Amino acid sequence: SAAEVRYANWYKEVRAKARKYPNVTVYDFTTGVSYRLNIFSNGAHADAEPITAEDTAKMNQAFGKTTWNPKPVWIIFSDGSVYMASTHNTPHDTYHIRDNNFNGHVCIHFPRTEAQVTAIGPYATKHQKEVDRGWAETQAMAK
């Protein structure tokens with residue numbers, strides 16, 4: 001539920017959780033669609049790929065088209081914790097799962113400070129705006 005979603009800094013809290021629990025469920029609270037991703041890289045954001053072809057299909061259903069435009073989502077880790085984030089669905093660069101109908105990975109961005117986002121650049125700023133927009137919507141749902 002919306003009341004369970006946490007808004008936590010990627011560097012201070014979420015990155016360690018992503019290392020411990022790399023298989024996550026993405027819940028697109030605007031469409032009600034959920035799908036699974038495997039996080040395989042934890043730099044300035046998380047790099048992840050759909051686990052199965054069905055997960056790829058559900059992800060693309062949630063977005064409606066392939067786009068770099070991020071949207072806010074809830075990320076559910078396998079320990080049950082839920083975090084605010086944003087992601088896109090455009091495959092690019094490195095990937096490991098060969099039978100998921102997705103030749104690349106997506107980026108998942110979690111909350112960061114303004115200074116952290118600014119240091120990364122404009123695309124991180126765009127993600128942070130979606131994270132914050134999604135957080136406002138989540139808070140409204142939790143009331």
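Nothing here was measured: the structure is a model prediction, and the numbers come from that model.
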Requested in this report: Establish, yes or no, whether a centroid distance under 6.0 Å links the rings of Phe102 and Tyr95.
Outcome: no
**Report entry** From Glu130, His45, His127, residue fulfilling side chain to side chain donor-acceptor pair (under 3.5 Å) relative to Ser86
**Finding:** His127
Query - Distance-only donor-acceptor check, side chains Tyr7 and Asp132, under 3.5 Å - result: yes
Query raised in the report: Are Ser78 and Asn23 close enough that some pair of their side-chain heavy atoms sits under 4.5 Å apart?
Result: no
Report task. Over all heavy atoms of both residues, which pair between Asp55 and Tyr35 is shortest? Give the atoms and the distance, please. Result -> O-CB, 3.6 Å
Report task. Would you please classify the geometry between the Tyr27 ring and the Trp74 ring as parallel, tilted or perpendicular, with 30° and 60° separating the classes? Result -> tilted
Report task. Decide yes or no for Val106 and Thr90: does some side-chain heavy atom of the first lie under 4.5 Å from some side-chain heavy atom of the second? Result -> no
Requested in this report: Give a yes or no on whether Phe77 and Phe40 share a hydrophobic cluster (residues Ile, Leu, Val, Met, Phe, Trp, Tyr; joining criterion: side-chain heavy atoms under 4.5 Å apart).
Outcome: no
Query raised in the report: How are the rings of His109 and Tyr123 set to each other: parallel, tilted or perpendicular (split at 30° and 60°)?
Result: perpendicular
Requested in this report: Verify the neighbour count for atom CD of Glu54: are there more than 12 heavy atoms of other residues, nucleotides or ligands below 6.0 Å?
Outcome: no
Query - Side chains of Lys126 and Trp68 in contact at under 4.5 Å (non-hydrogen atoms) - result: no
**Report entry** Close side-chain approach of Met84 to Arg6, heavy-atom, < 4.5 Å
**Finding:** no
Report summary line: Separation between CG (Asn100) and NE2 (His105), nearest 0.5 Å, reads 12.5 Å
Query - The single option from Asn103, Thr56, Thr66, Asn101 passing side-chain contact (heavy atoms from CB on, under 4.5 Å) against Pro91 - result: Thr66
Query raised in the report: Where is the tightest heavy-atom contact between Gly104 and Glu49, given as atom of each residue plus distance?
Result: O-CB, 3.9 Å
Query raised in the report: Looking only at heavy atoms, which two atoms of Cys107 and His88 are closest? And how far apart?
Result: N-NE2, 3.1 Å
